[in-house]
Every structure is written in C-alpha cells, then in structure tokens.
2 protein chains.
Amino acid sequence: MADKIFRINMSDLTTRIEEVPGEWAAHGGRGLTSTIVAAEVEPLCHALGPNNKLVFAPGLLSGTPAANSGRISVGAKSPLTGTIKEANAGGTAAQLLARCGCKALIIEGQAQGDQWYTILLSPDAITIEKETELVGKGNFAVVETLGHRYEGKRGIISIGPAGEMKMAAANISVKDPDGKMRSAGRGGLGAVMGAKRVKCIIIDPRDGKVEIADPDAFKAANKAFATALTSHPISQGLGQYGTNVLVNIINESGGLPTRNFTLGQFEGHEKISGETMYDLIKERGGKAKHGCHPGCVIQCSQIYNDAAREYKTSGFEYESIWAMGADCCVDDLDKIAEADSIMDDLGLDSIETSVAMGVAMEAGVLAFGDGEEMCRILREEVALGTGLGRIIGGGAGLVGRSYGVTRVPVVKNQAIPAYDPRAIKGIGITYATSTMGADHTMGYSIATNILNVGGSVDPLSKEGQVELSRNLQIATAAIDSTGMCLFIAFAALDDETCLPALIDLINARFGISLNGDDVSNLGKHILKTEKSFNEKAGFGKEDDRLPEFFSIEKLPPHNVVWDYPGEEIDSFWDF
Amino acid sequence: MADKIFRINMSDLTTRIEEVPGEWAAHGGRGLTSTIVAAEVEPLCHALGPNNKLVFAPGLLSGTPAANSGRISVGAKSPLTGTIKEANAGGTAAQLLARCGCKALIIEGQAQGDQWYTILLSPDAITIEKETELVGKGNFAVVETLGHRYEGKRGIISIGPAGEMKMAAANISVKDPDGKMRSAGRGGLGAVMGAKRVKCIIIDPRDGKVEIADPDAFKAANKAFATALTSHPISQGLGQYGTNVLVNIINESGGLPTRNFTLGQFEGHEKISGETMYDLIKERGGKAKHGCHPGCVIQCSQIYNDAAREYKTSGFEYESIWAMGADCCVDDLDKIAEADSIMDDLGLDSIETSVAMGVAMEAGVLAFGDGEEMCRILREEVALGTGLGRIIGGGAGLVGRSYGVTRVPVVKNQAIPAYDPRAIKGIGITYATSTMGADHTMGYSIATNILNVGGSVDPLSKEGQVELSRNLQIATAAIDSTGMCLFIAFAALDDETCLPALIDLINARFGISLNGDDVSNLGKHILKTEKSFNEKAGFGKEDDRLPEFFSIEKLPPHNVVWDYPGEEIDSFWDF
C-alpha cells in the first residue's frame with residue numbers, strides 16, 4: 001500500500017485521495033507539514049480564514065515498530081504567531097494514520113454556517129459526518145463518548161471548547177493508549193481546526209500495515225537504537241521523575257522564571273519538583289512510568305492521582321508545572337494538577353495559558369500564588385468564553401495588550417517557556433530565532449547548557465550559544481520529520497551508535513541509503529523553507545528579538561540581562 | 001522669547017528647558033514630533049515602557065493669529081500599531097503652548113509606583129505636582145475640577161480612565177474654548193501618557209506671546225489665506241452640516257462601510273446624516289457652527305443637544321457617527337451622541353472603539369443595531385476595565401484576536417475609518433501605505449475620489465490612485481507641521497491663492513523665504529523619517545497590505561474587491 005495524500009475541502013465538503021507529489025516523497029512529520037504549508041498557504045492569509053490549511057503528518061517512521069516513533073506533526077499558519085507552525089504530539093494517531101496509508105491529511109477551506117463535523121479516516125476512505133453530540137464537550141467527554149459510538153481501538157484527534165471558540169491558545173488533542181490526552185500544544189492550531197468546524201478526526205486503520213522494505217535490517221537497527229535510548233542516564237531519569245525532574249535542576253541554575261519572569265529561583269521549588277511528584281505518585285497509587293504511545297522505551301509520562309487516590313492527570317510536564325508553579329508562584333502540586341487537567345479538557349496549551357495567567361497576575365487580575373482562582377478562571381471564564389476568559393485563552397501576548405503590561409514574555413507573540421534566557425543564554429537564541437516563536441523544543445540548548453549532554457556550553461556566557469542553537473535547531477527539524485520523540489536527542493548527542501541506528505531505520509523502512517549529511521541537509525532545508533514562509537508573511541530580523549524587558553531588567557540571583565546585539569543573533573542564519 | 005524644548009523625565013521627576021537643536025529648528029507639529037521620536041526613541045522598545053517618549057508640539061504657526069492654526073501634534077511610538085505615531089487635535093493647547101515659548105514638550109522615562117502627576121507649564125517654567133483628586137475621573141470632571149483649582153483661562157491636556165488603564169484605544173483630550181473635548185484620537189497615545197502616570201497637563205502662558213518677524217506681511221498673508229478658506233464651497237458645507245455632511249455622500253458612492261464592512265450602503269443613512277443632524281440641532285436650540293479653537297474660520301464643530309435641549313456632545317464627526325451608525329447598524333443619532341459623549345469622557349478614540357464594537361457585534365457579543373447595549377458596555381465594562389471592557393478598549397484588532405473573527409478592518413492593527421477601500425480605492429492606498437496604520441487623514445483621497453476637489457479620480461478604478469495618495473500624503477505631512485487644520489486642504493487644492501498665502505504666513509512668522517518646493521520636500525522628508533523608524537521597528541512591505549477579506553469578499557452595491565498587487569502598492573514609496 002503506497003502512501004497517499006488525504007485531502008478534505010471543508011468549503012464544499014469534498015474529499016480526495018491523491019498520489020504523493022515527487023517533491024514531498026522524502027518528507028514526513030514536520031518536514032512535510034512545513035513543505036505543504038509553504039507550498040499551498042498564502043503567507044498573508046488570515047490564519048482562521050478559508051485560505052489557511054491544517055496539515056497532519058505522521059513521521060517517516062510512524063506506524064513501524066521503531067522505538068519512540070509515535071509523534072504526529074500538525075502544521076498550519078498560526079493564529080497566535082502569524083508564522084508557519086508545526087506542533088507535534090504523542091498518542092496513537094501517528095501510528096494509526098500511517099497504517100491508513102496516509103502520508104499527510106490536508107484540511108482546507110472552511111465550512112459555512114453553524115454545523116460542526118467529524119472526519120473518519122481509514123485506508124483509502126475519508127468520510128465527513130455532521131457532528132452534534134460532541135459540540136461544546138471537553139476532550140475527556142469526547143473520548144469517552146466516541147468509545148461508545150465506535151467499536152475497536154481507534155485514533156482520536158479532537159479539539160475542546162477552546163478550539164471551538166477559536167482561542168489562540170487552543171491546542172489539538174490526541175488520545176493516548178489509555179484514553180488520556182496528549183497535545184499538539186503550541187501556536188493555536190486548535191483554533192485553526194475550530195475555524196474549519198472540525199470537532200474531531202477518527203482514525204481506523206482496519207488491517208492496514210506500514211510496509212518495511214528491509215525487515216531484517218530494520219529489526220537490527222531498532223534493537224541498536226532502543227539500546228542507545230534506554231542506556232542513556234537522562235532517559236532513565238525521565239522515566240523515573242518525568243520531565244519534571246527539571247524543576248530543581250533549573251532552579252539551581254538560577255534560570256527558573258519565577259513570578260512572571262522577575263526572579264530566577266522559586267522559593268517553593270521543592271514542593272513542585274519531580275522528586276516530590278514521584279513520592280506523591282507512589283504514595284497515592286499512581287504510576288511514575290507511562291508511555292504516551294506504544295513502543296516508547298523512555299516512558300516519561302505518568303499517572304498522577306489526587307489525595308483520594310483518584311486519577312487527576314497524566315503527561316504532567318515540567319513546562320506546565322513550571323508555568324503554573326514558579327511563574328505563577330503556586331506551590332501546590334495538586335492545584336497545578338487540577339489546572340492541568342482542566343486545560344487538557346478545554347484543549348488549551350498549558351504553557352501559553354499559564355504564562356498568560358502569570359501576566360494577568362502582574363496586571364492584578366488575580367494574585368500571584370492563587371491557584372484556586374486560576375482554576376476558577378479556567379472553569380468559569382475560559383470555558384464559558386467570557387471577556388476575561390477570551391483574554392486568557394488568547395495567550396500571554398493578548399493579556400499584555402489588554403492590560404497594558406510591559407513585562408510580557410513572548411517572542412512572535414508566543415509565550416516563552418520554562419527557561420529564562422538571561423540565565424541560560426543558548427535557549428534565548430532559540431527563542432529569538434525559531435521559525436515558530438518562542439519554543440524550547442525547537443533547539444533545546446538546555447541539554448548542553450545545563451545537562452552537559454553533547455558537551456558543555458556555559459549558560460551564562462554568550463560564547464558558543466548561537467552555534468549551539470543552530471546545530472540543535474537543524475537536528476531537531478530533522479528529528480521532527482521522523483516521527484521520533486525529541487527525547488531521543490539526548491542519546492543521539494552522546495552515544496555514537498544512536499544516530500546511525502536511526503538512519504539505518506529510515507533506510508530499511510524505505511529501501512534507500514541516506515547518510516548523516518543527508519539528515520543534516522534535510523534539517524537545514526526545513527528551517528529555510530519555514531523562514532521563507534515567515535518572510536513572505538512579514539517577519540524580518542526585527543522579529544527575531546526578545547522583549548525589551550529582558551535587556552533592561554536584571555534577573556536574580558545572577559543579576560544578568562539579555563545583551564546580544566542584533567547582528568549576533570542574526571548570524572544564526574549563516575548556514 | 002526664543003522657542004525652547006521643554007523636557008520632563010518622569011523616572012526621576014526632573015525637568016529641563018533646552019535650546020532647540022539646529023536640526024529641529026525648521027520643524028513644527030508632526031514634523032517635529034516625528035523627528036524627535038525618530039531621533040530619541042528606540043524603535044523596538046515597548047510603547048508603554050520607560051524608553052518610549054511622548055512628544056507634544058504646536059505647529060509652526062500655532063499661537064499666531066493665522067486662521068485655523070490651532071492644531072497640536074502628539075507623537076510617540078504607538079501601543080496600538082507599534083509604528084511611529086502622530087495624532088493631532090484642535091482645542092486651545094497648541095496656541096497656549098506656543099505662547100509659553102514651548103516648541104516641543106518631551107515626556108520621557110516612567111514614574112514608579114502608584115502615584116499620578118499633573119504637569120504645569122508656563123513660559124520658562126515646568127512644575128510636576130502629585131495628583132490625587134483627578135485620578136479615575138473622566139475628562140469632563142477633570143476640566144470642571146481644574147476650572148475651580150486654577151484661575152484664568154488655561155490650556156488643559158488630559159487622559160480619561162481609558163488612558164489611565166493603558167487601553168490601546170485611549171486618546172489624549174484637549175480642552176476647547178468652551179470646556180469641551182477635542183481629541184488626539186488615534187493610536188493609543190492616551191495609554192502612553194497613562195504609562196508615564198501623567199493625568200493632565202495645564203498650560204498657562206501668562207503674558208507670553210508668539211513673536212512675528214514681519215507683522216505686516218503676516219497680516220496681509222493671513223487675510224488672503226482666510227479669504228481662500230472661507231470662499232471654498234466645502235468649507236461652507238462643513239460650517240453648516242459639519243463633517244457629517246458626508247454620510248449621504250459616501251452612502252451614495254457605495255463606499256459607506258456598513259455592518260462591519262459587509263455592505264457599502266446603510267439603510268438608515270438618512271437618520272444619521274448631517275442634514276438630519278442639522279435639523280435636530282436647530283430644533284433643539286443647539287449650535288450648528290462652532291469652532292474648536294480661536295481663529296477657526298470654517299467652524300465644522302457644533303453643539304448637539306438631546307431631546308430635552310440639554311448639551312450632549314460637540315465635535316460630533318462623520319467618522320464617529322459612521323462608526324457607531326452604519327458600521328454598527330445603529331440608526332439613532334441620539335444613541336450615537338450618547339456613546340460619543342461617553343467616549344469623550346472616558347478618553348477613547350471613537351473610531352477605534354466603535355469599529356471594535358462592530359467586530360464585537362460580528363462575534364455575537366452584542367447585536368448589530370443595539371445602541372443601548374453599546375452605551376452600557378462603554379459605561380459598565382470599558383469604564384470599569386472588566387474583561388470585555390479591556391477587549392473593546394484594546395481596539396478592533398484585539399476584539400478580532402479575542403473572538404477569532406476574520407473580518408477585522410485594521411491596517412497595522414489600527415481600525416479602518418469610514419470609507420471602504422474596495423469602493424473608494426485611493427483611500428485604500430492611503431490605509432495600506434500610511435506610516436501610522438489605517439488613517440484617512442494621512443492622505444484624504446476622498447477629496448479627489450468623491451468630492452472632485454483638486455481634480456477628479458474615479459474611485460472605482462485602480463488608475464491614478466497611488467499617485468493621488470502619494471501627493472496627498474506628502475502635502476498632509478507638511479500641513480500637519482504648520483499647526484493648520486487639515487480642512488485647509490480643500491482650498492489649498494482648488495484655490496491657487498491659498499497655498500502661497502500659507503507659505504507667506506510661515507515666511508513672515510520666521511523671517512525666512514520658503515517656496516513651494518521646500519514645503520513639498522518637507523512633506524517627503526517627514527514621511528521618510530517616519531518610514532525609517534517603522535522599518536527599524538520591524539515593519540516591511542508585507543505590513544503595507546489591507547486585510548485579506550477585502551480581497552475575497554465583494555462589497556455591494558458595486559460588488560468590488562480590493563485587487564492591487566503588492567508591487568503596485570509599494571510603488572507609493574517611489575519618490
């Protein structure tokens with residue numbers, strides 16, 4: 001079964017299954033979503049209008065038994081940033097979509113009127129059904145209801161009320177094997193799906209399978225690859241404490257943005273740390289290790305129960321915990337878990353929304369540390385689309401504009417995540433130059449700045465940061481095309497058997513013979529494709545800058561500012 | 001008394017009176033505010049932060065007896081658009097400031113803490129006083145209270161609650177001779193004043209006078225100038241019906257944006273027209289002719305009374321009436337007057353705020369035509385800074401972002417005023433290319449497209465519009481530097497005695513010998529200074545575009561779209 005392009009036009013509710021154009025064949029995941037968006041979307045279109053397109057693409061290795069290959073990429077012009085956007089998520093959708101023979105799903109046009117739709121995909125078949133039952137429902141209810149509506153294990157991609165209301169912080173949710181949520185979080189892609197009036201996408205691969213050109217070579221490569229992953233100490237740490245292992249580490253570095261980016265350390269860090277979380281999980285009968293998709297060998301997810309030992313949340317990430325915790329000064333992990341769960345249900349990016357809360361706290365809308373009010377605002381304002389709810393759901397930049405706040409941590413209007421660029425300078429270069437707006441996953445310098453993975457670059461020195469971010473962003477663009485979880489990068493940077501094994505996997509899957517240079521060139525090509533789109537959308541080097549306050553306000557405890565001249569930042573693009 | 005630069009640093013509450021630098025000497029009004037902002041403000045600073053500067057400058061002829069020379073320019077980086085900004089207003093401030101020997105007032109830095117301040121200016125003296133009594137008060141109460149606090153006639157420049165709350169639609173109000181409001185309306189300059197924590201500026205010229213180098217020549221030139229103004233038929237129409245004479249004219253042209261820019265004609269146009277307004281004014285004992293500053297010979301303002309013959313509003317402009325009327329489908333002039341009065345009191349740009357209401361109506365926040373709810377939202381939401389109030393007070397773009405609306409009539413985030421660019425194409429070129437965001441006053445093509453002033457260019461044809469807008473924008477930049485009201489342009493375009501008389505006035509005032517080319521070069525220089533600032537702030541040609549919906553939605557009754565290729569728009573800058 002050769003892969004195909006599945007195309008849906010929501011303006012006239014027509015569908016087509018097309019051959020893959022030659023120039024798209026070598027792409028998958030982010031490489032493919034960005035290639036398609038750049039080819040087919042007018043860069044100056046309104047992101048919520050009929051001329052934007054929403055593209056889903058499994059990675060090159062999705063649907064195979066390759067370890068950790070379960071990420072699905074979602075692309076479009078972002079209503080939050082105005083740039084090209086790719087966000088990826090775990091869950092089961094990538095694998096099931098690949099098994100449908102779907103190389104990419106393109107949703108274009110825009111349905112008129114008030115009717116919502118559900119899309120059903122299976123091998124060689126696309127169906128559009130009117131949707132009524134699920135409208136207005138949260139993601140948990142959607143998954144539960146669909147469990148009754150359809151038999152068997154199906155992939156579910158959905159938006160919550162935030163996406164229906166076209167909020168710029170709305171994400172796209174992907175069901176995981178346990179019926180919980182993973183999210184293509186950043187950039188408001190849920191609003192694009194809502195603008196097309198698609199509530200959910202159901203994936204039923206039936207007996208579809210992904211063909212592997214050289215099964216023996218694939219098996220051998222996968223073994224080597226999985227070994228490299230599981231033997232790396234960071235993979236092991238992630239398995240035990242989840243990504244939240246970072247709270248204490250980043251606090252120690254002085255780069256944990258606290259109280260809306262006015263401090264680099266949080267008094268209450270111990271109370272929200274990965275270690276505390278681990279103890280609570282054990283004490284309450286939760287699960288410290290949990291995979292978001294079949295085949296994951298790192299298992300950084302977890303099941304977090306409340307004090308009554310009832311399920312509260314999963315995929316409880318460092319960046320979300322930091323945002324609601326240190327950034328909003330909430331030192332109560334249960335309150336944070338509560339807010340996390342509400343955001344999963346509403347379909348909101350927990351980074352964007354929580355940083356928005358921090359800015360709202362600065363504006364005096366609620367008090368720093370008031371986790372109770374944070375949950376109330378989510379439940380009673382955001383969920384209902386009140387004025388305040390729209391502001392919070394519009395993201396940190398919108399809160400800043402609405403309340404005239406000057407300390408607004410965004411780049412290209414996207415909230416800066418959990419690492420202060422003044423104290424960890426490599427990540428600042430990534431925030432400034434990323435084609436997606438501020439996004440730590442685009443070039444995770446923390447690996448080398450803090451964790452000493454792939455060498456070591458002093459986080460407080462300006463030296464070497466541009467080169468570090470450049471190399472990481474190129475590698476990340478390539479990894480994001482494979483369907484691999486970004487956490488393979490730790491092993492890839494330190495273990496010389498890892499990357500060759502990954503390349504062997506791709507070669508065995510397609511019967512080709514890529515080498516390391518090909519992969520690096522792929523990453524460069526993707527970044528340049530994305531940058532070219534952004535330039536046509538009106539973004540220039542002046543947009544590759546951090547907000548002014550980072551340059552004029554010193555961050556304790558190191559009392560450092562962000563002091564890169566523009567030309568130095570711009571040298572990022574010298575490749 | 002040689003003119004000086006008055007400088008106030010709000011960070012440390014220091015003041016200085018400085019000599020005028022040589023390169024600023026030839027400038028006044030907009031030319032001077034733009035020159036100072038371009039020279040002293042870092043283009044990438046936060047508009048509400050300490051590095052923005054708020055500059056007030058009377059025009060070159062302000063404070064002299066020259067007819068219609070009472071405009072004051074206010075400049076800064078705009079919190080609404082992010083571009084350089086100049087907005088000008090009538091009232092008495094320009095004349096009184098000039099009589100203080102103040103060529104420009106520069107307010108820089110930012111006061112810390114919660115304290116508000118009032119600034120007192122007189123010849124060679126600047127005082128900063130703590131302000132408590134006026135905080136939170138509307139502009140009408142400010143003017144009334146200050147009338148008790150200070151003896152004699154003083155100029156008052158103030159912000160209302162909107163400016164205190166740093167809303168991006170906040171304007172700066174200038175008292176007129178009757179204690180009513182004129183506004184430097186566009187671009188959120190009131191928020192910049194609020195960010196500096198300056199509630200008001202009191203101007204007391206004592207016995208200060210503006211020196212005139214050649215009084216006889218000045219007197220002769222002024223006579224010729226005033227004659228040219230008063231004999232032009234449009235000046236006369238403006239005197240009788242006010243600017244609102246345009247409702248029926250623009251409706252007839254099919255370019256009256258109606259129902260949030262979905263129609264080009266408004267069913268209820270007669271009910272809100274200048275003719276109807278004139279009859280109501282007469283019937284209710286109002287005043288059809290009224291000048292916003294001493295020396296105005298056109299008198300386009302008016303006193304509009306309510307049904308009980310009580311004062312309701314003045315300076316009741318076509319663009320405001322259009323915005324609340326046709327754009328929001330409210331066909332009740334009294335409701336519109338009520339809303340206009342509330343906006344004057346709160347200190348809100350009536351164009352930005354009302355277009356924001358139209359977008360909110362499209363989003364379903366309130367119903368089209370519901371003038372009652374519009375007034376309630378202003379009084380109970382905007383005035384109190386509720387979530388919805390912040391959204392409306394943030395302008396049309398913010399409403400669009402908050403509610404995911406795609407039909408958002410803004411350029412560079414500033415609301416498009418009362419002339420649909422699809423049906424009146426010259427004004428579209430002005431909206432797209434203006435250095436200030438969408439602003440009809442920057443190059444008022446309506447004169448030639450609709451009123452046949454300065455020739456005639458078919459509004460529905462693409463031909464000649466770029467050149468028309470270019471010539472008008474150059475001339476306007478120069479006129480905005482003189483302190484002259486823009487309505488001198490009608491006479492200047494049609495009567496060959498007008499412009500020479502204006503140049504003679506400037507020459508007689510300063511003892512110099514400018515000619516027509518000098519004036520045109522001044523206009524070009526100002527535009528290029530402003531454009532250069534904007535480029536450094538990150539604006540490129542992709543920002544010189546109208547929103548997508550103008551290109552894909554046909555406007556009845558002519559069923560026309562906006563269809564200029566980007567290169568054609570960009571040729572505007574070929575000078």
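Throughout, a chain's letter reflects where its sequence line sits, starting with A, and its residues are numbered from 1.
Top candidate by heavy-atom pairs under 4.5 Å with chain A, chosen from B:Leu48, B:Ile392, B:Val365, is B:Leu48. Between chain B and the residues A:Gly394, A:Gly385, A:Gly404, A:Gly395, the largest count of heavy-atom pairs under 4.5 Å involves A:Gly404.
The CG atom of B:Leu388 sits 11.0 Å away from the CG atom of A:Leu388 when rounded to the nearest 0.5 Å.
At a 4.5 Å heavy-atom cutoff, the contact between A:Met165 and chain B is made by backbone atoms alone. Contact of A:Ala47 with chain B is not made at all, since no heavy-atom distance falls under 4.5 Å. For a residue to count as touching a neighbouring chain, one of its non-hydrogen atoms must lie under 4.5 Å from one of that chain's; by this rule A:Val405 touches chain B with the backbone only. Looking at A:Pro43, there are no atoms closer than 4.5 Å to chain B (heavy atoms on both sides), in backbone or side chain.
With sequence neighbours excluded, the residues satisfying side-chain contact (heavy atoms from CB on, under 4.5 Å) with A:Ala87 are A:Ala184, A:Leu189. Residues satisfying the ring-ring contact (aromatic ring centres under 6.0 Å, His included) criterion with A:Phe261, sequence neighbours excluded, are A:Trp322, A:Phe550. Partners of A:Val410 according to the side-chain contact (heavy atoms from CB on, under 4.5 Å) rule, which considers only residues two or more places apart in sequence or in another chain, are A:Ala396, A:Val408.
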Interchain donor-acceptor contacts below 3.5 Å (chain A, chain B):
residue  : atom : partner  : partner atom : Å
A:His46  : N    : B:Glu548 : OE1          : 2.8
A:His46  : NE2  : B:Val405 : O            : 3.3
A:Asn51  : ND2  : B:Glu548 : OE2          : 2.8
A:Lys166 : NZ   : B:Gly404 : O            : 3.3
A:Gly404 : O    : B:Lys166 : NZ           : 3.4
A:Val405 : O    : B:His46  : NE2          : 3.3
A:Glu548 : OE1  : B:His46  : N            : 2.9
A:Glu548 : OE2  : B:Asn51  : ND2          : 2.8

